[in-house]
Amino acid sequence: MIGLAATVNFTSKVEALRYALESTSKFEERTVIYNYDAAQELYNFICKNVDIPDVNKTPTEDLMPLIKALAKKIEDLDIPKSYGVAAM
């Protein structure tokens, strides 16, 4: 295990777990050896001290409420379909 100073941006707990596994592993005779206990300890430390979501959100997920609100407003305007605006 090598201690390296690096900036890491976690966007999910999945990435934190991956980082913990990779950071505590070693390479021996062309094989990666994982230290699961050390990885779990590092992962627990990260989760205890950093507020990160379980999974990544897509930009669409964050924007969906806005998209739906805009679609509703457009629908409420009752613009004829000949203008090229269709209901979503």
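Bear in mind that the values here come from a model prediction, so they are computed numbers and not experimental data. Values below: every heavy atom of this structure, side chains too, minus hydrogens, waters and symmetry copies.
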*Asks:* In this structure, would L21 and V32 fall into the same cluster of hydrophobic residues linked by side-chain contacts under 4.5 Å?
*Replies:*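 Same hydrophobic cluster.
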*Asks:* If I compare all heavy atoms of A20 with all of A39, which pair ends up nearest, and what's the gap?
*Replies:*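 Heavy atoms only, the tightest pair is CB-O, 3.4 Å.
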*Asks:* About how many Å separate CG of L63 and CG of L66, when rounded to the nearest 0.5 Å?
*Replies:*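 L66 atom CG to L63 atom CG measures 6.5 Å (nearest 0.5 Å).
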*Asks:* Sequence neighbours excluded and cut-off under 3.5 Å, please list the side-chain donor-acceptor pairs for residues 40-49, or say none.
*Replies:*
unit_1, atom_1, unit_2, atom_2, d
Q40, NE2, N44, OD1, 2.8
N44, ND2, Q40, O, 3.3
N49, ND2, F45, O, 2.8

*Asks:* Could you list who else is in V14's hydrophobic cluster, with ILVMFWY side chains joined at under 4.5 Å, directly or through other members?
*Replies:*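 Joined to V14, directly or through intermediates: none.
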*Asks:* Do T31 and I33 come within less than 4.5 Å of each other through their side chains, counting heavy atoms only?
*Replies:*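 They are in side-chain contact.
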*Asks:* In Å and rounded to the nearest 0.5 Å, what is the OG to CG distance from S25 to N35?
*Replies:*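 Here the rounded value is 9.0 Å.
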*Asks:* Tell me, please, which residues at least two apart from K68 pass salt bridge (Lys or Arg N to Asp or Glu O under 4.0 Å).
*Replies:*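 K68 satisfies salt bridge (Lys or Arg N to Asp or Glu O under 4.0 Å) with no other residue.
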*Asks:* Looking only at heavy atoms, what is the nearest atom pair of D54 and K13, with distance?
*Replies:*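 Shortest heavy-atom separation between D54 and K13 comes out as OD1-CD, 3.2 Å.
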*Asks:* Only counting residues at least two apart or in another chain, list the ones meeting salt bridge (Lys or Arg N to Asp or Glu O under 4.0 Å) with D37.
*Replies:*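 So D37 forms no salt bridge (Lys or Arg N to Asp or Glu O under 4.0 Å) with any residue.
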*Asks:* How many angstroms lie between CG in D51 and CZ in F10, if you round to the nearest 0.5 Å?
*Replies:*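 D51 atom CG to F10 atom CZ measures 13.5 Å (nearest 0.5 Å).
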*Asks:* Could you work out, with salt bridge (Lys or Arg N to Asp or Glu O under 4.0 Å) as the rule, every residue matching E28, not counting sequence neighbours?
*Replies:*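 With neighbours one apart ignored, the set is K26.
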*Asks:* E22: what forms a salt bridge (Lys or Arg N to Asp or Glu O under 4.0 Å) with it, not counting sequence neighbours?
*Replies:*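 Scan of E22 (salt bridge (Lys or Arg N to Asp or Glu O under 4.0 Å), adjacent residues dropped) gives R18.
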